[in-house]
Colleague: 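Got a structure for you, written out below as structure tokens; questions coming shortly.
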There are 2 protein chains.
Amino acid sequence: MKGINMIQLAKELGLSVSTVSKALGDSHEISSTTKKRVMELAKKYNYKPNPFASNLRKKKGKQIAVIIPDIVNNFFALAVDGIESVTMAKHYDTFIYLTHENLEREKSVLEHLENGLISGLIISVCTGREGYGHFQQFYESARLPMVFFDRVPDLLQFPKVISNNYESTFESTERLIKAGSKRPLFIQTEEPLYTLMERRRGFQDALVANGISFTDESLITCSENMEDNYLLLKKLFSSRKRPDGIFAPIEKFAITVYQVCRDLKLNIPKDLKVIGMTNLRTAALLNPSLSTLSQPAFDMGREAATLLLKMIEKKSYAAANDIIVLANELTIRDSV
Amino acid sequence: MKGINMIQLAKELGLSVSTVSKALGDSHEISSTTKKRVMELAKKYNYKPNPFASNLRKKKGKQIAVIIPDIVNNFFALAVDGIESVTMAKHYDTFIYLTHENLEREKSVLEHLENGLISGLIISVCTGREGYGHFQQFYESARLPMVFFDRVPDLLQFPKVISNNYESTFESTERLIKAGSKRPLFIQTEEPLYTLMERRRGFQDALVANGISFTDESLITCSENMEDNYLLLKKLFSSRKRPDGIFAPIEKFAITVYQVCRDLKLNIPKDLKVIGMTNLRTAALLNPSLSTLSQPAFDMGREAATLLLKMIEKKSYAAANDIIVLANELTIRDSV
DNA sequence: GTGAAAGCGCTAACAG
DNA sequence: CTGTTAGCGCTTTCAC
């Protein structure tokens with residue numbers, strides 16, 4: 001019941017297994033008539049080569065892993081969509097692992113994958129102060145092609161797919177200022193990743209370029225705990241010296257800003273102008289509609305997967321220093 | 001470089017491979033001192049059993065597949081999160097396949113998976129008039145445990161995880177009516193799945209139970225093409241006989257309703273009361289805040305995965321008729 | 001153009 | 001409690 005195998009196929013065809021194997025692999029050393037016979041019987045029996053056997057023998061397979069912090073986030077969901085669109089087309093199977101911003105989990109996934117299950121990885125790292133030694137270490141022992149996207153380890157020499165964080169944040173911040181913000185605020189995280197550092201740098205440079213001094217009050221540090229963040233922002237927004245503009249470089253922070261403003265009855269954009277870095281589909285429907293800097297998430301996933309498969313198939317580790325940079329898109333709506 | 005194998009381990013320990021294998025498998029027929037020796041050397045070399053070899057030999061592995069229509073949708077993203085939380089804990093690997101509501105793609109994924117790569121599947125079906133023959137057929141030939149969730153094929157005898165669509169839609173519709181809606185509208189799809197039929201039934205019964213007649217005008221049929229839907233709803237909302245209440249049983253329809261109202265300057269809830277079936281995180285921040293009937297997406301994923309792994313491990317196909325029903329949650333906000 | 005044979009790394013009888 | 005042995009189903013030299 002559970003599928004026929006090559007031996008039975010060969011037997012029925014009066015051929016050897018090796019001939020059948022080669023025919024199925026469309027080898028040039030097999031006559032086209034034999035190939036046709038083999039293919040036809042294979043189709044008749046709906047024969048599918050056992051991937052475990054062939055992977056074992058070839059010591060590699062068509063499976064890759066995607067390791068991301070979160071899937072309940074439009075950016076990552078879109079990126080996975082982009083990845084899957086190319087793996088599907090190239091007949092690769094895609095494993096998914098979620099780290100939930102937990103470094104231990106990230107490490108244990110990596111450790112698990114040293115068993116040889118996969119032929120390559122696509123990764124967006126989770127936040128954490130410990131650096132990226134585990135990736136380097138994984139690579140040393142597994143020697144597998146790896147592509148990072150968006151949240152990339154800046155110090156390691158791996159191919160990366162990112163977006164123009166510095167430039168687009170600079171531009172966004174200028175819009176905030178041009179719209180009248182005198183004291184723009186940037187929300188940062190405790191252990192900023194490279195990606196976030198770039199955004200912050202864009203923000204800072206935009207202030208300076210527009211004659212606004214960048215001080216401690218230009219930044220606020222939020223955590224993974226959204227309730228803490230809510231209270232922190234509420235306190236800040238209630239104070240005399242509250243900001244009059246905000247660049248939220250992470251989707252959930254933008255949402256929190258809106259919640260705080262709603263509860264404090266602060267008027268956006270009169271009291272506070274807001275630009276959020278997000279791929280929310282409902283941005284235009286928020287009250288007021290949210291101005292967004294969105295990332296080309298689907299395309300980033302697509303590029304990362306394309307690059308990875310190229311590395312897997314061509315063994316072109318030469319690509320190891322590739323950095324693909326795509327452009328973010330600024331959409332100004334009523335919140336500015 | 002690329003990992004040590006069992007033979008080398010055995011050699012270094014002065015044991016046979018089978019002893020090592022059993023020791024690693026924590027078999028009771030191995031002395032605890034031997035086990036300890038084996039485990040230690042394995043750890044020292046960071047030895048990981050080759051999954052292809054062991055899957056080949058055992059004719060099964062710890063990989064499962066998740067087949068869903070879409071990942072850029074909070075419901076499915078949350079469900080995947082729930083699934084992953086249990087597969088991760090039980091050391092299973094999770095493949096993901098997206099069908100994008102494309103029946104051909106659904107069939108081809110299924111066909112691909114007949115190769116034996118996985119030990120079980122979790123599925124939410126895509127819309128389409130062709131029925132579910134391919135699932136039955138797949139099962140006949142692959143004999144793999146399968147669990148369906150949310151969008152389930154009502155006619156097939158497989159375990160399912162769903163939510164109380166009928167009851168919760170009934171309740172939601174009553175709220176619409178109690179809030180003053182005289183002509184509530186339900187948005188349906190061209191080829192309604194069982195899940196949607198149940199919601200529609202709840203809607204219909206709520207009208208009747210509240211003395212409102214259920215007519216052709218109580219329903220509108222939307223498609224996969226969101227632009228068409230936008231125009232269709234715009235036309236309807238502009239007409240004399242426009243509805244004064246809406247139950248949108250699908251997230252994207254609720255969003256379209258909001259877009260149309262915004263563009264038509266219709267006041268929600270004065271002109272139109274809206275309840276949307278969605279897991280949007282931003283529902284409370286929309287203008288006005290959207291009343292939602294949300295599904296316990298994470299829990300549904302978790303239950304589905306728990307059930308599947310139970311079936312895989314206990315071979316308890318007896319569970320085949322299990323239907324787990326979880327409760328949806330109605331949250332009334334300003335849109336009603 | 002086709003076949004024989006070795007073996008990928010592991011597990012599971014079966015013997016001892 | 002430990003070892004011997006026979007494969008799982010496939011790919012890949014190497015002969016013919």
Side-chain angles (χ1 to χ4, degrees), chain A residues 1-39 41-42 45-63 91 113-119 142, chain B residues 1-39 41-42 45-63 91 113-119 142-143 313:
Chain A
M1 181 107 293
K2 184 66 181 304
I4 189 178
N5 68 16
M6 232 160 96
I7 301 175
Q8 304 171 52
L9 262 191
K11 204 167 289 173
E12 183 157 345
L13 286 159
L15 290 169
S16 72
V17 267
S18 66
T19 304
V20 172
S21 173
K22 286 169 189 164
L24 255 14
D26 199 28
S27 161
H28 55 275
E29 41 180 333
I30 301 294
S31 74
S32 55
T33 51
T34 304
K35 275 185 195 168
K36 197 170 296 172
R37 282 183 64 219
V38 173
M39 301 292 197
L41 197 69
Y45 283 135
N46 190 25
Y47 168 77
K48 300 272 188 314
N50 178 318
F52 298 132
S54 95
N55 290 351
L56 173 60
R57 182 57 232 249
K58 294 192 299 190
K59 287 169 169 276
K60 66 171 171 157
K62 291 192 125 197
Q63 288 79 40
H91 306 292
L113 291 175
E114 285 194 34
N115 64 5
L117 231 205
I118 52 155
S119 300
Chain B
M1 180 108 291
K2 183 66 178 307
I4 190 180
N5 67 17
M6 233 160 96
I7 300 177
Q8 304 172 52
L9 263 191
K11 204 168 290 173
E12 182 157 346
L13 286 159
L15 290 169
S16 73
V17 268
S18 68
T19 304
V20 174
S21 173
K22 285 169 191 163
L24 257 12
D26 199 27
S27 161
H28 56 273
E29 39 179 335
I30 302 295
S31 75
S32 55
T33 52
T34 305
K35 275 186 196 168
K36 197 170 296 177
R37 281 185 63 220
V38 173
M39 301 290 198
L41 197 67
Y45 284 134
N46 190 26
Y47 167 78
K48 301 272 187 312
N50 179 319
F52 298 132
S54 96
N55 290 352
L56 172 60
R57 182 58 233 247
K58 294 192 299 188
K59 285 169 170 277
K60 66 172 172 155
K62 292 191 125 199
Q63 288 79 39
H91 306 292
L113 292 175
E114 285 194 33
N115 65 7
L117 230 204
I118 52 155
S119 300
R143 293 270 144 200
E313 286 170 3

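All values below were derived from every heavy atom in this structure, side-chain atoms included, with hydrogens, water molecules and symmetry-related copies excluded. Source: prediction; values computed, not measured. Lettering follows sequence order; numbering is per chain, from 1.
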Colleague: Using a 4.5 Å cut-off on heavy atoms from C-beta on, say whether the side chain of Leu41(A) contacts that of Tyr47(A).
Modeller: no
Colleague: Taking atom NZ of Lys48(A) and atom CG of Leu113(B), what is their separation to the nearest 0.5 Å?
Modeller: 10.0 Å
Colleague: If you fit an axis to the five pairs at each end of the helix from dG1(C)-dC16(D) to dG16(C)-dC1(D), how big is the angle between those two axes, to 10 degrees?
Modeller: 30°
Colleague: Evaluate Phe52(B) against Leu117(A) for side-chain contact (heavy atoms from CB on, under 4.5 Å), listing each step before the verdict.
Modeller: CA-CA 7 Å; Phe52(B) 298 132; Leu117(A) 231 205; 4.2 Å; yes
Colleague: Starting from P on dC8(D), measure out to CE on Met6(A) and report it in whole angstrom.
Modeller: 14 Å
Colleague: Would you say a side-chain N or O of Thr34(B) is under 4.0 Å from OP1 or OP2 of dC1(D)?
Modeller: no
Colleague: Gln63(B) vs Asn55(B), test: side-chain contact (heavy atoms from CB on, under 4.5 Å). Steps then yes/no.
Modeller: CA-CA 10 Å; Gln63(B) 288 79 39; Asn55(B) 290 352; 3.2 Å; yes
Colleague: What is the distance, to the nearest angstrom, from the CG atom on Leu56(B) to the C1' atom on dA6(D)?
Modeller: 13 Å
Colleague: In whole angstrom, what separates Leu13(B)'s CG from dC1(D)'s C1'?
Modeller: 16 Å
Colleague: Return the CE to OG distance between Met39(B) and Ser32(B), rounded to the nearest 0.5 Å.
Modeller: 10.5 Å
Colleague: Write down the distance between NZ (Lys59(A)) and C1' (dC10(D)), rounded to a whole number of angstrom.
Modeller: 14 Å
Colleague: Specify the residues of residues 45-55 of chain B, ordered by number, for which at least one heavy atom lies under 4.0 angstrom from an atom of DNA chain C.
Modeller: Tyr47(B), Pro49(B), Asn50(B), Ala53(B), Ser54(B)
Colleague: Want to settle it: does Lys58(B) or Ser31(B) sit nearer the 5' end of DNA chain D, counting the closest nucleotide to each?
Modeller: Ser31(B)
Colleague: Can you give me the first and the last nucleotide of DNA chain C (5' to 3') that has an atom within less than 4.0 angstrom of a non-hydrogen atom in chain B?
Modeller: dG9(C) to dC14(C)
Colleague: Quick one, Asn115(A) and Asn50(B) - any side-chain contact, counting heavy atoms below 4.5 Å?
Modeller: no
Colleague: Please report the closest heavy-atom contact between Lys62(B) and His91(B), naming both atoms and the distance.
Modeller: CD-O, 3.6 Å
Colleague: Could you give the distance from OG (Ser31(A)) to NZ (Lys36(A)), rounded to the nearest 0.5 Å?
Modeller: 10.0 Å
Colleague: Within this structure, what is the NZ-to-P distance between Lys11(B) and dG3(D), rounded to whole angstrom?
Modeller: 14 Å
Colleague: Heavy-atom nearest nucleotide on DNA chain D for Gly14(B) versus Ile7(A): which residue maps closer to 5'?
Modeller: Gly14(B)
Colleague: Applying salt bridge (Lys or Arg N to Asp or Glu O under 4.0 Å), name anything that partners Lys35(A), two or more places apart in sequence or on another chain.
Modeller: Asp26(A)
Colleague: Could you pull out every donor-acceptor pair under 3.5 Å between side chains of residues 5-17 of chain A and any protein atom, sequence neighbours left out?
Modeller:
from: Asn5(A); atom 1: OD1; to: Ile7(A); atom 2: N; distance (Å): 3.2
from: Asn5(A); atom 1: OD1; to: Gln8(A); atom 2: N; distance (Å): 3.1
from: Asn5(A); atom 1: OD1; to: Gln8(A); atom 2: NE2; distance (Å): 3.2
from: Glu12(A); atom 1: OE1; to: Tyr45(A); atom 2: OH; distance (Å): 2.9
from: Glu12(A); atom 1: OE2; to: Tyr45(A); atom 2: OH; distance (Å): 3.1
from: Ser16(A); atom 1: OG; to: Ser18(A); atom 2: OG; distance (Å): 3.1
from: Ser16(A); atom 1: OG; to: Thr19(A); atom 2: N; distance (Å): 3.2
from: Ser16(A); atom 1: OG; to: Thr19(A); atom 2: OG1; distance (Å): 3.0

Colleague: Hey, can you pull the residues of residues 16-23 of chain B with a non-hydrogen atom under 4.0 angstrom from DNA chain D?
Modeller: Ser16(B), Ser18(B), Thr19(B), Lys22(B)
Colleague: Between Ser119(A) and Gly61(A), is there a donor-acceptor pair closer than 3.5 Å when you use the side chain of the first and the backbone of the second?
Modeller: yes
